[in-house]
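These notes concern the structure reproduced below.
These values consider heavy atoms only, across backbone and side chains, with no hydrogens, waters or symmetry-generated copies. Being a predicted model, the structure only gives us computed values, none of them experimental. All chains are named by letter (A, B, ...) in the order of the sequence lines, taking the proteins before the strands, and each is independently numbered beginning at 1.
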Amino acid sequence: MSDALACPVTGASGPLPEYPLPRAAECPLAPAPAAQELRSEKPITRVRIWNGSTPWLVTRHADQRALLPDPRVSDDDLDPGFPYVNAHRAAIAPVSPRLITNTDAPEHTRLRRTVNGPFVVKRIEKMREPVQKIVDDLIDEMLAGPNPVDLLTAFALPVPSLVIAQLLGVPYEDHDFFQRSSSLVLDGSVPADEARRVSGELAAYLDNLIIQKTADPDDDVLSEMAGRVQAGEMTHTEAVHMGVAMLIAGHETTATMISLGTLALLQHPDQLALLRETDDPKVVANAVDEVLRYLSIVQTGVRRVAKDDIEIGDVVIRKGDGIIFDLHAANWDPEVFPGAQRLDIARPARIHQAFGYGPHQCLGQNLARLELQVVYGTLYRRVPTLRLAAAIEDLEFDHTGTTYGVHGLPVAW
Amino acid sequence: MRVELDVPKCVASGQCVMAAPDVFDQRDDDGVAILLEERPGEELLDDVREAVAVCPAAAIRLVEG
Ligand code: HEM
Ligand code: SF4
């Protein structure tokens, strides 16, 4: 594992590989070997998914950049050809409200512009000090507690939950409830009906809070959305759904980039040392993008459907065909990232597609970057002896969720 | 060299502002990009090229003239 150069880059893919493709057990942080082989042999090819349908799989960086912004490539999950991630997503599509996550331009553009304000780069930058405080306080608590500890529950999950609470404008006295409920919703071991109940409670909580903020606005995201509801730019229901979506979309992803990111850095002590010793925020920022590239944690691929025939390379994607974009394969494409299997925090990493590409590229990416810059720039300096307190073979990885992850990361210092 | 910004295509990601803060800004309320310098100086062109590369909507072009 420590030597990614030795990781397999070919895997029995067969004429119609089953997607998602399995990772190699000995290389838990590398893309699936078959995805790497397809990228060089059959960069746009059909795969079979859970419901027996055979969407296209796109693995090259350049092809993804050509297709994802193409207006014929649609996020309409009501189209019968849409390659749903799983049966649950297929079942809820017809009863889900139309949001930024399932619409195309011009509807998508309109909806996205109503929620974009808080994520404007300059406004996100104002969060740096509050995020630093959240991170410092959590490290203080961790250092005062038991050693070893699970980094995921002690640190990685609370960071994004507290940050999003602050951004949305959840009052401080409710942070405990907010953090407990959002962790329960994401905890795969919680029974489904319990998770549904808690997620209903969270939605009801945000619903109520938006009403309060309408009467008594503050400088936060829920107040801003309340204002847009009053101005008729979005509905109250859309505002509640967006609040929940921001919480869900930003929690596990960011937490995973903290836990798996720490694991990846501990596996590359030379790179971790460079990061620990730098005073240059640009070096830290680039390290964050490189770890995003290296891990590309969204593991189920970005899903779309063709609204028209599309000719690309020597294939024709037909109207109604599903398309899956494997982000990890593209981010290890040697044509764009030479020696892609090396974690190298000094390489130009900015054009990775870990946040997707095209109009649906991650809404929260600037916030996620800021959180990770503060974490990577602080944790390893304040805890320079941080080390893994388990054998990597004993860690349990999550191969089924939308985002890759690890069920617990025991660390000591 | 001249910068062209296709505003209707812009999805307000702010990646251009991160790459070339002297050339691009964003509207405060919805994040749509604003072109500050249509003809940026030589020293800013690398930043602009990065902005072109990272713009998720392919809304920025750097053209001759
Ligand atoms: C490191 C952390 C994160 C990663 C790796 C990540 C990854 C992604 C990816 C790959 C997409 C594109 C999906 C597609 O094209 O269909 C996406 C979309 C999205 N993300 Fe993130 N994300 C992260 C953090 C966040 C945060 C912090 C938030 C909110 C506060 C957020 C909110 C969203 C939303 C709302 C969308 C849907 C955008 C649209 O469809 O227009 N994400 N994210
Ligand atoms: S990078 Fe592109 S999409 Fe994002 S704000 Fe700039 S012009 Fe708009």
Side-chain angles (χ1 to χ4, degrees), chain A residues 61-62 64-71 100 104-106 108-126 224-225 227-228 231 233-234 282 285-286 288-289 302 336 348-367 369-370 373, chain B:
Chain A
H61 190 272
Q64 296 192 358
R65 281 177 74 90
L67 287 171
L68 277 167
D70 189 312
I100 53 174
D104 299 323
H108 175 261
T109 321
R110 180 188 72 79
L111 288 170
R112 187 139 168 170
R113 285 182 184 183
T114 63
V115 293
N116 237 320
F119 298 97
V120 165
V121 172
K122 281 188 183 155
R123 291 179 60 183
I124 286 293
E125 194 50 43
K126 294 199 185 121
E224 183 163 326
M225 288 206 285
R228 287 184 190 269
E233 290 173 34
M234 69 196 300
K282 284 201 173 129
N286 197 67
V288 166
D289 275 296
V302 162
V336 184
R350 267 301 261 117
I351 58 166
H352 68 74
Q353 280 154 201
F355 290 119
Y357 190 70
H360 293 274
Q361 191 181 58
C362 183
L363 174 71
Q365 61 177 310
N366 300 326
L367 178 63
R369 279 199 178 89
L370 181 123
Q373 286 164 10
Chain B
M1 301 289 271
R2 192 164 51 80
V3 182
E4 284 180 0
L5 173 67
D6 188 342
V7 173
K9 267 183 152 179
C10 171
V11 295
S13 72
Q15 300 314 292
C16 53
V17 182
M18 302 253 254
D22 296 323
V23 181
F24 299 95
D25 199 356
Q26 283 175 287
R27 300 203 295 236
D28 244 1
D29 60 333
D30 63 5
V32 171
I34 304 167
L35 185 56
L36 301 173
E37 283 289 341
E38 198 180 323
R39 292 178 187 282
E42 203 57 44
E43 72 288 357
L44 294 174
L45 290 185
D46 276 346
D47 288 357
V48 176
R49 285 191 192 96
E50 178 164 324
V52 172
V54 296
C55 171
I60 307 168
R61 295 204 314 153
L62 187 59
V63 295
E64 292 291 339

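Here the closest non-hydrogen pair linking A:Thr109 and B:Cys10 is CG2-O, 4.5 Å. B:Ala53 approaches A:Ile351 most closely through the heavy-atom pair CB-CG2, 3.9 Å. Smallest separation of non-hydrogen atoms from B:Ser13 and A:Asn366: O-ND2, 3.1 Å.
Looking at B:Pro8, only its backbone comes within 4.5 Å of chain A, counting heavy atoms on both sides. Proximity to chain B (any heavy atom under 4.5 Å) is restricted, for A:Arg112, to the side chain, taken from C-beta onward.
Atom-to-atom distance recorded for B:Met18:CE and A:Asp289:CG is 7.5 Å, nearest 0.5 angstrom.
The closest donor-acceptor contact from the side chain of B:Asp28 to the backbone of A:Arg123 lies at 3.5 Å or more, if one exists at all. In this structure, the side chain of B:Arg27 does not engage the main chain of A:Val120 through any donor-acceptor pair within 3.5 Å. Listed for the A:Tyr357 side chain is a donor-acceptor partner under 3.5 Å among the backbone atoms of B:Cys55. Remark: the backbone N or O of A:Val121 is paired with a side-chain donor or acceptor of B:Gln26 at under 3.5 angstrom.
With respect to chain A, the highest number of heavy-atom pairs below 4.5 Å among B:Pro56, B:Ala19, B:Gly31 belongs to B:Pro56. The most heavy-atom pairs under 4.5 Å with chain A, out of B:Val32, B:Asp25, B:Asp30, come from B:Asp30. Top candidate by heavy-atom pairs under 4.5 Å with chain B, chosen from A:Glu125, A:His352, A:Gln361, is A:Gln361. Of the listed residues (A:Pro106, A:Pro359, A:Ala105), the greatest number of heavy-atom pairs within a distance under 4.5 Å of chain B belongs to A:Pro359.
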ask   = Yes or no on side chain to side chain contact (heavy atoms under 4.5 Å, CB included) for A:Gln365 and B:Gln15, after CA distance, side-chain angles and deciding distance?
value = CA-CA 9 Å; A:Gln365 61 177 310; B:Gln15 300 314 292; 3.3 Å; yes
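Atom CZ of A:Arg110 is surrounded by more than 12 heavy atoms from other residues, nucleotides or ligands within 6.0 Å.
Under the 4.5 Å side-chain criterion, counting only non-hydrogen atoms from C-beta, B:Asp29 is in contact with A:Arg228.
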